[in-house]
Amino acid sequence: MPELPEVETVRRGLAPTMEGARLTRLELRRENLRFPFTPGMADALAGRQIESLSRRAKYLLIHFEGGLTAIAHLGMSGSFRIEAGGEPATPGEFHHARSKDEKHDHVVFHLARANEPARVIYNDPRRFGFLLLEETARLADNPYLASLGPEPTGNSLSAEVLATAFADKKAPLKAALLDQTVIAGLGNIYVCEALHRSGLSPKRAAGTLVDRKGRPKPQLGLLAECVRDVIAEAIVAGGSSLRDHIQTDGSLGYFQHTFRVYDREGEACPNPGCGRPVERIVQSGRSTFFCAACQK
DNA sequence: AAGGGAGCCTGGCGGC
DNA sequence: TGCCGCCAGGCTCCCT
């Protein structure tokens, strides 16, 4: 999926259309995605105005008037797109216009706005995503949000925070950084990229970056900085948009062109004076790309 | 009890 | 051209 930068890009793309609009109808075209939609969700949200869109880790939060929030997760292959216009004039109209990929249009937000109506459509071929409803006041206790670690943006991610999480950890750095309770929002791509930038091996035990007193070693500070940098740069670039994920406006993000190691097995390490072929290994079932010369 | 692996799904790609 | 196996951005659960 969409990792944090992609979800943030989606949020920014949807906000102008959704914020302030009224949801005239929430159309659920099947009973479930990864799991069933919250029972009664469509009825509960119909007619409500959308106050704002926010994001926590990889979750998109759609805040409605009256204290309800829809929590959307894009799984591996979820994407949103915006279409102008309201409900089709005849029931068959959608079916007529349907192309191959539209069979994976699972949710449609029908929106009434001051100028013109619009539809926001959630498409997800693999259906690893989900959509559920929560009371806004209870968001912090929602099981999906409650245990998340700090965002890798702003100042909340520090070497000290990582030191606490990494102390005595024997798990490899790759796994530790993918753990959403340590840092919220990192995925396979940005973990690989951050580790390459910081010169740390994905195989290294996380605990080796913490000293005996539980203080962060200098390399841990560098790692925190690299994580923040790579995420910030990716957000500026509009996400990576690999394969089936596109931005809400249909254009591709640019960050994928700046990957240093991700999906570059066999290519030369871009570090000045290195050039060693990037290696691909498998860690806990996922591909890891790294340079064995630069990352120790 | 932390860490590794399977499973959830569909589609695209390379190899034969 | 067709079929087959492998791979994919995430997350939870189960097993050791």
**Item:** Atom-pair distance (CG on A:Asn32; P on B:dC8), nearest Å
**Value:** 14 Å

**Asked** Can we say A:Glu225 and A:Arg197 salt-bridge, meaning some charged N sits less than 4.0 Å from an Asp/Glu carboxylate O?
**Response** no

**Complete:** Side-chain atoms of A:Phe128 come closest, of C:dC11, B:dC9, B:dG11, to B:dC9

**Message:** Using a 4.0 Å heavy-atom cut-off, does A:Tyr144 contact any base of the nucleic acid, only the sugar-phosphate backbone, or nothing at all?
**Reply:** sugar-phosphate

**Request:** For A:Leu74 and C:dA8, give me the distance from atom CG to atom C1', rounded to whole Å.
**Result:** 15 Å

**Prompt:** With both distances under 3.5 angstrom, what nucleotide forms a Watson-Crick or G-U wobble pair with B:dC9?
**Reply:** none

**Message:** Counting only side-chain nitrogens and oxygens, does A:His104 get under 4.0 Å of the OP1 or OP2 atom of B:dC9?
**Reply:** no

**Message:** When you compare the side chains of A:Ser201 and A:Lys296, does any donor N or O come within less than 3.5 Å of an acceptor on the partner?
**Reply:** no

**Item:** Test: A:Arg215 and A:Glu160 ion pair at under 4.0 Å
**Value:** yes

**Prompt:** Does any donor-acceptor pair link the side chain of A:Arg126 with the base of C:dA8 at a separation under 3.5 Å?
**Reply:** yes

**Fill in**
Quick note, A:Glu3 side chain, CB onward, closest among C:dA8, B:dT10, C:dG10 is C:dG10

**Complete:** Rounded to whole Å, the CE-P distance (A:Met76 to C:dC11) equals 10 Å

**Message:** What is the separation between atom NZ on A:Lys103 and atom P on B:dT10, rounded to the nearest whole Å?
**Reply:** 9 Å

**Request:** Measure from CG on A:Leu148 to P on C:dT12 and round the result to the nearest Å.
**Result:** 9 Å

**Prompt:** Using a cut-off of 4.0 Å on non-hydrogen atoms, how would the nucleic acid contact of A:Gln283 be classed: base, sugar-phosphate, or nothing?
**Reply:** nothing

**Message:** Would you compute the distance between atom CG of A:Leu60 and atom CD1 of A:Ile71 and round it to the nearest 0.5 angstrom?
**Reply:** 10.5 Å

**Distance, P atom - from C:dT12 to B:dG11, rounded to whole angstrom** = 25 Å

**Message:** Work out how far the P atom of B:dA1 is from that of C:dC11, and round it to whole angstrom.
**Reply:** 25 Å

**Message:** I want to verify a distance call: between C:dA8, B:dG4, B:dC9, whose nearest atom is closest to the A:Arg127 side chain?
**Reply:** B:dC9

**Request:** Measure the distance from CZ on A:Arg204 to P on B:dG3 and round it to the nearest whole Å.
**Result:** 16 Å

**Asked** Taking atom C1' of C:dA8 as reference, at what distance in whole Å does atom CG of A:Asp263 sit?
**Response** 9 Å

**Message:** Would you say A:Lys169 places a side-chain N or O within less than 4.0 Å of OP1 or OP2 belonging to B:dG3?
**Reply:** yes

**Prompt:** Roughly how many Å is it from NZ in A:Lys170 to P in B:dA1, rounded to a whole number?
**Reply:** 14 Å

**Request:** Would you classify A:Arg34 as touching base, sugar-phosphate or nothing, given that sugar-phosphate means primed atoms plus P, OP1 and OP2, and contacts are heavy atoms under 4.0 Å?
**Result:** base

**Asked** Think A:Lys58 has a side-chain N or O under 4.0 angstrom from the OP1 or OP2 of C:dC11?
**Response** yes

**Request:** Show your reasoning for whether ring-ring contact (aromatic ring centres under 6.0 Å, His included) applies to A:Phe130 and A:Tyr144.
**Result:** CA-CA 11 Å; A:Phe130 56 81; A:Tyr144 291 95; 4.8 Å; yes

**Request:** Using only side-chain N and O atoms of A:Ser77, determine if any of them is under 4.0 Å from OP1 or OP2 of C:dA8.
**Result:** no

**Message:** Return the CZ to CE distance between A:Arg113 and A:Met18, rounded to the nearest 0.5 Å.
**Reply:** 10.5 Å

